[in-house]
Each structure stands twice: as C-alpha cells, then as structure tokens.
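Here is the structure we will look at, set down as structure tokens.
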Amino acid sequence: MFTIEIHPPLFCVAFLVVFIITFLVRIIKRGHRIRLCYIGIIELYIMLLISVTIFPIRIIPSEMRTGKNSILDFCQLIPFKDIIDIVKNSGIINIQLIGNIILLMPMPVLIGYLSKKVNYKVLFFKSILFSFGIEIIQLIIDILLSYPSRIFDVDDIILNGIGILIGMIIFKILKEQQKIYDFIGEKIVWNTQKQ
C-alpha cells in the first residue's frame, strides 16, 4: 500500500506558493476590495479543509482491491444511518460527529464578510457547496482508485450543515453587534483605502 500524505513542511510550502500567487495576481489587478491578509486566512482555511478531508489518500495494489465497481459501493446515502451507529457505539461525544460539525462552522463567517450586503440563503448555499464538493472529491478519488478510502456520506453533509447553521448564527450575532462587525470589517477584511 502506498499513502499520499501532506506533512506540515509540505503544507507550509504549498500554502506559501498559493499565497505568493495570490499576491502576484493582486499586484497585477490592483482593483481589489478585500485585504490580502483576509484572502490568506481563507486560503489557509481551505487548505486545512483539504488536508483533513481528502488526505491521506491510500493507493493499494490491484490484487488487494475490493473489486467494487458500482458508484453505490462508494456511497452511504441513508440519512442518519452512520450518525445513529456512532451514537449507539460511542455516545454523542464522538470526534467524528463533533469534527464534522466544527469543520465548516467558520465558512459562513469567512464568506459573509466578503460582501457588505448579506443574503443568508445564498450564504448557506455557498457554504453547503463546500460540503458537497468535499464529498464528491472523495467519491471521485475512491472510484479512480477502486478503493473506498473515504466514501461519499450523506451524514457528513448533514453534520456539516449543522455546523454551517451554527456559523451563520455566529455571523448574524456579529452583524447585529455593529461596532464589532465594522471593526473586524474595517481592520481585517475590507480594503477601504483609495487606490
């Protein structure tokens, strides 16, 4: 078996490369509304998401593969099945359950600050797309490698959705505290200096 992992030094190098490319693109474009440091925070968060949800990727020899060919062999499509099994076996306080809730909790806050006018339905839709994207990437990798390393699981999307809703509540609270919202926006997010 061969495993593709992202070790901390490689992660740091990858982040620096992405951030430098972003920096160079922004120098060329000049018309940016969002501060570079905030874009760096979003890039770091997305890279952490990828490193936690996609890696490690296990590549096994063909003789050890399961022989599963159907797309349904790489999916868990019954809502709450895994959640109920986990709760029965290890209780409600489980790292997989809590981790899937926390995983996308920051997403609505990070996306919400990108625009001063916020539509909460659109914010939820954009955030939940990340959850679907992660699950679809996991499914594609499993199909390509003919090995169910991390399957497409509808329960992960449900748990991510709960985390997104909590994140939206946090963002709504921040938005209602106008001084805090404006402070974060003006000092960290929005580039209000004239070009």
In this structure, would [X] and [Y] fall into the same cluster of hydrophobic residues linked by side-chain contacts under 4.5 Å?
X: F15; Y: V13; result: no
X: Y45; Y: L114; result: yes
X: F19; Y: I21; result: no
X: L104; Y: L129; result: no
X: L49; Y: F171; result: yes

Do [X] and [Y] have side chains that approach each other closer than 4.5 Å (heavy atoms only, starting at C-beta)?
X: V189; Y: I34; value: yes
X: F55; Y: I141; value: no
X: Q96; Y: D82; value: no
X: F183; Y: I180; value: no
X: N94; Y: V87; value: no

Between atom [atom1] of [X] and atom [atom2] of [Y], what is the distance when rounded to the nearest 0.5 Å?
X: I86; Y: S90; atom1: CD1; atom2: OG; result: 6.5 Å
X: R35; Y: K187; atom1: CZ; atom2: NZ; result: 7.5 Å
X: L144; Y: L139; atom1: CG; atom2: CG; result: 9.5 Å
X: L16; Y: F11; atom1: CG; atom2: CZ; result: 10.0 Å
X: I151; Y: Q76; atom1: CD1; atom2: CD; result: 6.0 Å
X: I158; Y: I83; atom1: CD1; atom2: CD1; result: 5.0 Å

(request) Could you please spell out the steps behind the side-chain contact (heavy atoms from CB on, under 4.5 Å) verdict for M105 and I170? (result) CA-CA 9 Å; M105 202 182 293; I170 292 167; 4.2 Å; yes
Are more than 12 heavy atoms from other residues, nucleotides or ligands located less than 6.0 Å from atom [atom1] of [X]?
X: I95; atom1: CD1; answer: no
X: K126; atom1: NZ; answer: no
X: F23; atom1: CZ; answer: no

(request) Spell out, as yes or no, whether a donor-acceptor pair under 3.5 Å connects the side chain of Q177 to the backbone of K179. (result)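 No: the side chain of Q177 does not pair with the backbone of K179.
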What are the two closest heavy atoms between [X] and [Y], and how far apart are they?
X: E5; Y: T3; answer: CG-CG2, 3.5 Å
X: I128; Y: G161; answer: CD1-CA, 3.7 Å
X: V52; Y: L103; answer: CG1-CD1, 4.3 Å

(request) Identify the residue among N160, I164, I111, T53 that makes a side-chain contact (heavy atoms from CB on, under 4.5 Å) with F130. (result)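 Among the candidates, only I111 passes.
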(request) Scan for salt bridge (Lys or Arg N to Asp or Glu O under 4.0 Å) pairs involving residues 137-165, sequence neighbours excluded, and state none if there are none. (result)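 Counting only pairs at least two positions apart or across chains, no salt bridge (Lys or Arg N to Asp or Glu O under 4.0 Å) contact touches residues 137-165.
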(request) Anything under 30° is parallel, anything over 60° is perpendicular, the rest tilted; go ahead and classify Y181 against Y113. (result)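 Rings of Y181 and Y113: parallel, under 30°.
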